[in-house]
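Written below as structure tokens is the structure these notes are about.
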Amino acid sequence: MATRILRPFNLHTISRALGSTGTHQYLSASRISPLRPFSTSFRKYTPPTMTDALVQAAQTRRTIYKLGKNSPVPNSKVEELVNAAILNVPSSFNTQSTRLVVVLREEHEKLWDIAIEAFGGLVSTGAVPEEVFKNQTLPKLQGFRAALGTVLFYEDPAHIKDFQEKFPAFSDKFEPWADHTNAMHQYFLWTALESVGFGANLQHYNPLIDAKVAQQWNLPTEWRLVAQLVFGSPEVEAGEKAQKPIEERVKIFGKL
Ligand SMILES: Cc1cc2nc3c(=O)[nH]c(=O)nc-3n(C[C@H](O)[C@H](O)[C@H](O)COP(=O)(O)O)c2cc1C
């Protein structure tokens, strides 16, 4: 596995912020930046704040496409993070309409085989030119398949429907709000998985793969697939990211 160059990042603080109480022996040594030495004689150690940890985790989250099958953490950590998303990410009117499905290793490969097969179908009907499929789509999908796992983000419309009936004044708002809450789950897990050493990228092969995926894992067909977060061992560094000027994007009026 390629060693990922560390950005300013302290796993101790990140996992504390995420509520982890365990030791970090599962983390690859290359990911752990040395903790600031503690000395009582001349300087009191000030632990970085939770806010710093949150900002560092946000800075560390990037899109990485080249992913492998090594895991920096045990299965239980992935489960802990997925459960933390479900329990702590807010939803409009507390609808809790988001559903998360995680597929790992062989199950993950089945998911991307489904996507490859679905695209193959589009080639047969002429909707996608064979050259495009062979030179662009297939290598991309095989790249996702080479990763370790995927989180599938769903919305269960049954929960939204109840609220639409109960609050007709907001009826047309519940669907966009459901997408907002779904996106918050995506962002939380993207950031959390990268904070423990995974790389990840976000994909949208819905609705092309929805029916086959529901059939493969016996999921309710009414669940709406919103996004797929592919994760695995980062095999390359994230590329440079151009930033538009902050002044164009942020306005603050008044003072604290
Ligand atoms: C709502 C949303 C949808 C995205 N959809 C895709 C996608 O379908 N395929 C993809 O490769 N990347 C997708 N991305 C990733 C963005 O291209 C990426 O986040 C952006 O270029 C910034 O790079 P960074 O993630 O490294 O900060 C999506 C990101 C967001 C926030």
Side-chain angles (χ1 to χ4, degrees), residues 2-9 14 31 53-68 72 81 85 89-92 97-103 108-109 111-116 118-119 122 127-128 132-133 135-155 175-210 212-213 224-246 248-250:
T3 303
R4 195 169 166 192
I5 301 155
L6 287 165
R7 287 177 277 284
F9 183 77
I14 301 292
R31 295 276 312 160
L54 183 65
V55 172
Q56 284 172 350
Q59 286 169 341
T60 304
R61 184 223 55 78
R62 291 295 311 281
T63 292
I64 297 184
Y65 291 109
K66 196 166 167 41
L67 301 170
L81 294 176
V89 173
S91 56
S92 71
S97 55
T98 299
R99 301 292 176 267
L100 302 176
V101 175
V102 184
V103 286
H108 159 86
E109 290 180 354
L111 171 70
W112 293 101
D113 285 340
I114 288 172
I116 291 170
F119 260 95
L122 295 181
V128 172
V132 172
F133 176 70
N135 299 328
Q136 294 173 30
T137 318
L138 187 58
K140 205 157 111 182
L141 294 172
Q142 282 168 337
F144 302 143
R145 191 183 188 277
L148 179 64
T150 303
V151 184
L152 298 145
F153 297 84
Y154 283 92
E155 281 300 309
E175 205 156 305
W177 286 341
D179 282 336
H180 299 174
T181 194
N182 198 280
M184 290 184 190
H185 286 77
Q186 294 164 35
Y187 180 68
F188 177 91
L189 279 172
W190 193 348
T191 307
L193 287 170
E194 294 213 347
S195 78
V196 296
F198 286 114
N201 62 75
L202 190 66
Q203 299 304 320
H204 296 92
Y205 285 86
N206 44 289
L208 184 65
I209 60 172
D210 293 22
K212 273 276 161 63
V213 170
R224 177 171 62 91
L225 183 56
V226 180
Q228 304 85 52
L229 184 69
V230 183
F231 65 95
S233 41
E235 303 294 328
V236 291
E237 263 299 286
E240 283 300 307
K241 178 165 151 176
Q243 291 280 5
K244 294 179 181 170
I246 290 184
E248 282 177 14
R249 299 193 277 163
V250 177

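All ligand and atom numbering here is 1-based and tracks the order in the structure.
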Practice prompt. Using the six-membered ring wherever Trp is involved, compare the ring planes of Phe231 and Phe198 and label them parallel, tilted or perpendicular (cut-offs 30° and 60°).
Written response: perpendicular
Checking contacts now, so for [atom], which I'm interested in, is there any protein heavy atom under 4.0 Å?
| atom | value |
| --- | --- |
| atom 1 (C) of ligand 1 | no |
| atom 8 (O) of ligand 1 | yes |
| atom 17 (O) of ligand 1 | no |
| atom 31 (C) of ligand 1 | no |
| atom 4 (C) of ligand 1 | yes |

For [atom], find the nearest protein heavy atom and state the residue, atom name and distance (0.1 Å precision).
| atom | answer |
| --- | --- |
| atom 25 (O) of ligand 1 | Thr63 OG1, 2.6 Å |
| atom 10 (C) of ligand 1 | Leu202 O, 3.1 Å |
| atom 26 (O) of ligand 1 | Arg62 NE, 2.6 Å |
| atom 11 (O) of ligand 1 | Tyr65 OH, 2.6 Å |

Worksheet item: What do we get for Lys241 next to ligand 1 when only non-hydrogen atoms under 4.0 Å count, side chain, backbone, both or neither?
Response: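 Contact part for Lys241 vs ligand 1: side chain (C-beta onward).
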Item to complete: May I ask you to identify, for Tyr187, whether its side chain, its backbone, both or neither come under 4.0 Å of ligand 1 on a heavy-atom basis?
Response: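 Answer for Tyr187: neither.
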Discussion item. Tell me whether Trp190 has any N or O atom under 3.5 angstrom from an N or O of ligand 1.
Written reply: no
Practice prompt. May I ask you to list the atoms of ligand 1 that are less than 4.0 angstrom from any heavy atom of Arg61?
Written response: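 Selected atoms, number and element: 24 (P), 25 (O), 27 (O).
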Item to complete: Would you indicate whether the side-chain heavy atoms of Trp112 and Thr150 approach each other to under 4.5 Å?
Response: yes
Worksheet entry | Test side chain to side chain contact (heavy atoms under 4.5 Å, CB included) applied to Leu122 - qualifying residues, sequence neighbours left out |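 For Leu122, the residues satisfying side chain to side chain contact (heavy atoms under 4.5 Å, CB included) (neighbours in sequence not counted) are Phe119, Ala127, Val128, Leu208.
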Worksheet item: Please walk me through it: do Arg224 and Asp179 pass salt bridge (charged side-chain N to carboxylate O under 4.0 Å, His left out)?
Response: CA-CA 10 Å; Arg224 177 171 62 91; Asp179 282 336; 3.0 Å; yes
Discussion item. Once rounded to the nearest 0.5 Å, what's the spacing between atom OG1 of Thr98 and atom NE2 of His180?
Written reply: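 Between Thr98 OG1 and His180 NE2, I get 12.0 Å after rounding to 0.5 Å.
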Discussion item. If I take atom NE2 from residue His204 and atom CD from residue Gln228, how far apart are they, to the nearest 0.5 angstrom?
Written reply: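 One finds 7.0 Å between NE2 of His204 and CD of Gln228.
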Side-chain donor or acceptor of [X] paired with backbone N/O of [Y] under 3.5 Å:
| X | Y | answer |
| --- | --- | --- |
| His185 | Tyr154 | no |
| Trp190 | Arg62 | yes |
| Arg61 | Glu194 | no |

